[in-house]
Amino acid sequence: MIRIALRTLRFHKGGFLASFLALFAGAVIVIGSGGLLETGIHNAAPPHRLAAAPVVVTGDQNYRYTRQELVFPERMRMDAALADRIAKVPGVGSAVQDISFPAALGRGGTVTGHGWSSAKLSPYRLTDGTSPTADGQIVLGRALAERAGVRTGERIRLLVHGTEHGYRVSGLAAGPDDSADVFLKDAEAATVADLVGRTDTIGVFPASGADPQKVASAVREAVGNAPVTVLTGDDRGRAENPDVVSDGSDLIPLAAAFGGLSAMVTIFVVASTLGLSIQQRQREMALLRTIGSTPGQLRRLILGETLVLAVVATGLAVVPGPWFGHWLLDAFADAGVVPDAIAYRAGSVPVLAGVGTALLTAVGSAYIAAQSAARTRPTEALAEATLQRRWFSAFRLVVGVLCLVGGAALAWGTSRSAGPDAAGVATPAAMVWAAAFGLLGPVVVRGLVAVLRRPVGKVSGLAGELAAHNARARTARLASAVMPVMLASGLAIGLMYMQTTQSEGAQKAFDDNLRADVVVTSASGGLPLGLVDTVRKQPGVAAASAQIPTTGYIEPDRPMRPADGEDKGPQPTELSLQGVTPQGLDRTTAYRPVSGSLAALDGDSVALPARYAEERRLGDMVPMRLGDGTQVRLKLVATVDGRRGYETALVPASVLLGHTDGGLVPQIMVRAAAGTTPAQLTENLSKLARQQPGLRVSGTEVLTAARAKADDTQAWMAYLVLGVVVGYATLALINTQVLATTERRREFMLQRLVGATRRQVLQMMTVEASLVALAGIVLGLLVAVATLVPLSMSVLGTALPGGSPWILVVVLAGAAALTLATTLLAAGAVLRGRPGDMAGIKE
């Protein structure tokens, strides 16, 4: 039977080509997604600015002794004295400290400042002038100096921490061409950055002849249980960019979700395509049964054909699969979803997983499809092939009902989830609903045909009657053609409205909280806290309040201990923190106390969201961790309400100020006094800006634009996933419709021989394609509705999802047009032959 299987491949080119394309594209997507997942696991970030140091020591960004992995969002700085201890470790030649701080150069825009001793970590080397040996001297990277038009000996202005300093350019240094680094004397750099006694990283240079790996091990032993991490190789890039630790870990769930979604679509598409291809060979299977072939021989024949096809398709997919994964990583990095410092690292595991998934799917689908032919009795074989009486099975019914139950459970979970988290449950729910309606598709299709038969016959005449009879007689074939339409339309509608609903929910939460008329920011990235009082005293200002956004954690009342282990310790509660000044808070924001008073936010205090303070009373001391891992105990002075999933805890700005990367106030919210327009307020504050270098005054549209940019990042990621998954489903739709049409050549030729014209046959196929499109759209809408209603209830509090109705119109029109176009083009190509050529058509 294997020899027969190999020989039959060339007689069914259309069906095998469709199956080949489905297998090949599916394997490429799964291999690429697997590569992305392995990249997230490695989380490798090759160093750039720290490339010269073989070993790098930096703060440990991981929240230790928790059940689930948490990462501190703000850089954890170390005691500068640690460098002296590391320098004494045997095998260490030198230990170089490095601090980084944001600054603004008068003629060069935003730059990053460092102490000069850290220049050797890049390495930078002087090409002109001298190093900064005294206060007031600065060295610029040569590429930066050329862009700014600055030469050695000139004087420049540098804005750091809201204060402008004058420097003389003592030298230029060659380094990375795209860098924007400036270097001050070490002591002065620490002073102006307010980092005296602290350091960001320590670059370790082994002594001559020492093994870097052994030196790294010795350093780890020397630092003991200090909250630091010792990095070598590609991991050193994490010290340059802590976002690699916090945001890089997001690549794992992102790749897993994307890969899981792609794998499920691959399974559906391959099963549908292979099933349809084998169904259309029922006459051939029937003849083989009639001449004495056993059920086992038929199964081996079909499995052999499919295995040969799958091996070739997946073997070819091994080449573009890793490239596709690399492209996905670059696309996510360009969109800002993951740090661009992460390097693509994938071995053979994703390839094996992709190939294995495709092979198992192909063989499993072929085995299921072969069972129908194998169970057919020889005396019924020809009737079975002609009438297609076995259109549904008990197994399919049971699995379909189980998927319905699973979809309902996930829908309940979606509706119970907090707004920002609801999409994480809704995405797998969409696939489970798709599986349920796909398995139960023949029932729905049969019902639709029964309902539409008479209306279609009256509207379209004889061609419609014939199309309705064909659909009724061959429900299984019609259902196989409907599946890709359902996937393409259902996933497109579901995923697109999922994103627009999430965006609308975030926008609503943002708009509900915004009460300010003007926002004050700085070119250097932050403002001193004392400037809030200065702004408050300006003419036309009714209220002003600082805002410092970050993330914090409510720790369990029982302290976490190393003895608890990573899997047994209590889990902190992660929540958004906002550092504020209480004066003017009620007029610049919508925060209102449920209990207590926001005016009491002074010193070590906190106002928690009401649902996070259910078991606490006013006056209780709340153990918390700030964004840089600092442990604090804050007095609960108030509770505030907020949209579920978008709640924020409020703490005095003075508490957060030294525990963020910038160490400054990013923005000051200002409300205009009665009788003062926002334009007049902006003009009044612009006078202050002329006295304060780098001060920027603008309308709240700046905040809206920043929020929209962050939302665009998430939207771009969602649309990339949508493009790949729905694009694959669309390819399957075209594949299936062409296959389902071209394999009916004998039927078309018979109709021509009995007197039907080419136009009549095309009219019949137009009605059939309309039935396929209608059934697919109905099922797709069921998938979308079952997914989106719970999501919308969670995010917006209404059953109607957010987003333009034109999305629905365009998707449905596109699905219908694509189904009609592919069907009629394929039918037109078949009908180019002469009716008398029927005798030459091979079975």
Name every donor-acceptor pair, under 3.5 Å, that has one atom in a side chain of residues 223-233 and the other anywhere in the protein, sequence neighbours excluded.
none

Review point. Okay, side chain of Glu38, backbone of Gly347: is any donor-acceptor separation there less than 3.5 Å?
Key: yes
Check your understanding: Among pairs that include at least one residue of residues 217-244, which meet ring-ring contact (aromatic ring centres under 6.0 Å, His included), considering only residues two or more places apart or in two chains?
Key -> none
Check your understanding: Does Met76 offer a backbone N or O that forms a donor-acceptor pair with the side chain of Asp628 under 3.5 Å?
Key -> no
Point to revise | Gap between atom OG of Ser522 and atom CG of Leu159 - 0.5 Å precision | key: 5.0 Å
Exercise for review: Measure the spacing between OG of Ser117 and CD of Gln97 and express it to the nearest 0.5 Å.
Suggested key: 7.0 Å
**Study point:** side chain to side chain contact (heavy atoms under 4.5 Å, CB included) assessment of Val160 paired with His165
**Key:** CA-CA 7 Å; Val160 185; His165 304 269; 4.2 Å; yes
Review point. Taking side chain as C-beta onward, heavy atoms only, is Arg142 less than 4.5 Å from Asp128?
Key: yes
Review point. Which heavy atom of Val532 sits nearest a heavy atom of Ala546, and at what distance?
Key: CG2-CB, 3.8 Å
Point to revise | Residue pair Glu574 / Thr551, side-chain heavy-atom distance below 4.5 Å | key: yes
**Study point:** By ring-ring contact (aromatic ring centres under 6.0 Å, His included) - contacts of His659 (at least two apart)
**Key:** none
Point to revise | From Asp98 atom CG to Lys120 atom NZ, the distance as rounded to the nearest 0.5 Å | key: 12.5 Å
Point to revise | Main-chain N/O of Gly579 paired with Gln547 side-chain donor or acceptor, under 3.5 Å | key: no
Practice item. Could you pull out the closest heavy-atom pair between Ser170 and Val139, with the gap in Å? Key: OG-CG2, 3.6 Å
Practice item. Output the distance between atom CD (Gln61) and atom CG (Leu70), rounded to the nearest 0.5 Å. Key: 12.5 Å
Practice item. Search all heavy atoms of Glu188 against all heavy atoms of Asp135 and return the closest pair with its distance. Key: OE1-CA, 3.2 Å
Point to revise | Student check: side-chain heavy atoms of Val651 and Leu656 closer than 4.5 Å | key: yes
Point to revise | Close side-chain approach of Ser576 to Pro549, heavy-atom, < 4.5 Å | key: no
Review point. Do Gln631 and Tyr553 get their side chains close enough for a donor-acceptor pair, meaning under 3.5 Å?
Key: no
Point to revise | Passing option when Leu144 is tested against Asp181, Val182, Leu172 for side chain to side chain contact (heavy atoms under 4.5 Å, CB included) | key: Val182
Revision key, fill the gap. Hits for salt bridge (Lys or Arg N to Asp or Glu O under 4.0 Å) against Glu164, two or more places apart or cross-chain, chain-then-number order -> Arg157
Point to revise | Residues which pass salt bridge (Lys or Arg N to Asp or Glu O under 4.0 Å) with Arg77, listed by chain and number, not counting sequence neighbours | key: Asp200
Exercise for review: Mind listing the closest non-hydrogen atom pair of Asn62 and Phe72 along with its distance?
Suggested key: O-CE1, 3.7 Å
Point to revise | Interatomic distance, Ser122 atom OG to His48 atom NE2 [nearest 0.5 angstrom] | key: 11.5 Å
Review point. When you measure from the side chain of Thr191 to the backbone N and O of Ala187, does any donor-acceptor pair fall under 3.5 Å?
Key: yes
Revision key, fill the gap. Between Thr199 and Ile202 the two heavy atoms that sit nearest each other are CG2-CG1, 4.1 Å
Check your understanding: Asp60: what forms a salt bridge (Lys or Arg N to Asp or Glu O under 4.0 Å) with it, not counting sequence neighbours?
Key -> Arg64
**Study point:** Test side chain to side chain contact (heavy atoms under 4.5 Å, CB included) applied to Arg625 and Glu555, step by step
**Key:** CA-CA 7 Å; Arg625 289 242 193 175; Glu555 289 198 310; 2.8 Å; yes
Study note, to complete from the structure: Contacts of Ser654 meeting side chain to side chain contact (heavy atoms under 4.5 Å, CB included) (sequence neighbours excluded), chain-then-number -> Leu529, Pro652
Review point. Rounded to the nearest 0.5 Å, how far does CG of Leu105 lie from OG1 of Thr112?
Key: 11.5 Å
Point to revise | For Phe183, all residues meeting ring-ring contact (aromatic ring centres under 6.0 Å, His included), sequence neighbours excluded | key: His114, Trp116, Tyr124
Point to revise | Residues forming a side chain to side chain contact (heavy atoms under 4.5 Å, CB included) with Thr133, sequence neighbours excluded | key: Ser131, Gln137
Practice item. Determine whether the side chains of Gln571 and Tyr63 contain a donor N or O and an acceptor N or O closer than 3.5 Å. Key: no
Review point. Salt bridge (Lys or Arg N to Asp or Glu O under 4.0 Å) with Arg345: which residues, sequence neighbours excluded?
Key: Asp234
Check your understanding: Is there a donor-acceptor pair under 3.5 Å between the side chain of Arg236 and the backbone N or O of Ala51?
Key -> yes
Exercise for review: For the residue pair Leu121 and Val96, establish whether any side-chain heavy-atom pair is separated by less than 4.5 Å.
Suggested key: yes
Review point. Are Thr58 and Arg238 linked by a side-chain donor-acceptor pair shorter than 3.5 Å?
Key: no
Practice item. Indicate yes or no for a side-chain donor-acceptor contact from Arg75 to the backbone of Ala239 under 3.5 Å, with no hydrogens or angles considered. Key: yes
Practice item. Starting from the C-alpha separation in whole Å, work towards a yes-or-no answer on side chain to side chain contact (heavy atoms under 4.5 Å, CB included) for Val56 and Val204. Key: CA-CA 6 Å; Val56 173; Val204 180; over 6 Å; no
Exercise for review: Identify the two heavy atoms, one from Leu527 and one from Val520, that lie closest to each other, and give their separation to 0.1 Å.
Suggested key: CD1-O, 3.5 Å
Exercise for review: List for me each residue that meets ring-ring contact (aromatic ring centres under 6.0 Å, His included) alongside His326, sequence neighbours excluded, and say none if there are none.
Suggested key: Tyr344
Review point. Between Trp323 and Trp327, what is the ring plane arrangement, given parallel below 30°, perpendicular above 60°, and tilted in between?
Key: parallel
Check your understanding: Under 4.5 Å between any side-chain heavy atoms of Glu74 and Thr550, yes or no?
Key -> yes
Practice item. Could you check Phe324 against Leu36 for side chain to side chain contact (heavy atoms under 4.5 Å, CB included), going step by step and ending with a plain yes or no? Key: CA-CA 9 Å; Phe324 179 69; Leu36 202 64; over 6 Å; no
Exercise for review: Side-chain contact test, heavy atoms from C-beta onward, threshold under 4.5 Å: evaluate it for Ile668 versus Val519 and give yes or no.
Suggested key: no
Show the atom names and distances, to 0.1 Å, of all donor-acceptor pairs under 3.5 Å that link a side chain in residues 79-95 to residues at least two apart or in another chain.
from  : atom 1 : to     : atom 2 : distance (Å)
Asp79 : OD1    : Ala81  : N      : 3.0
Arg85 : NH1    : Ala222 : O      : 3.1

Review point. Is the shortest heavy-atom distance from the side chain of Thr648 to the side chain of Leu577 under 4.5 Å?
Key: no
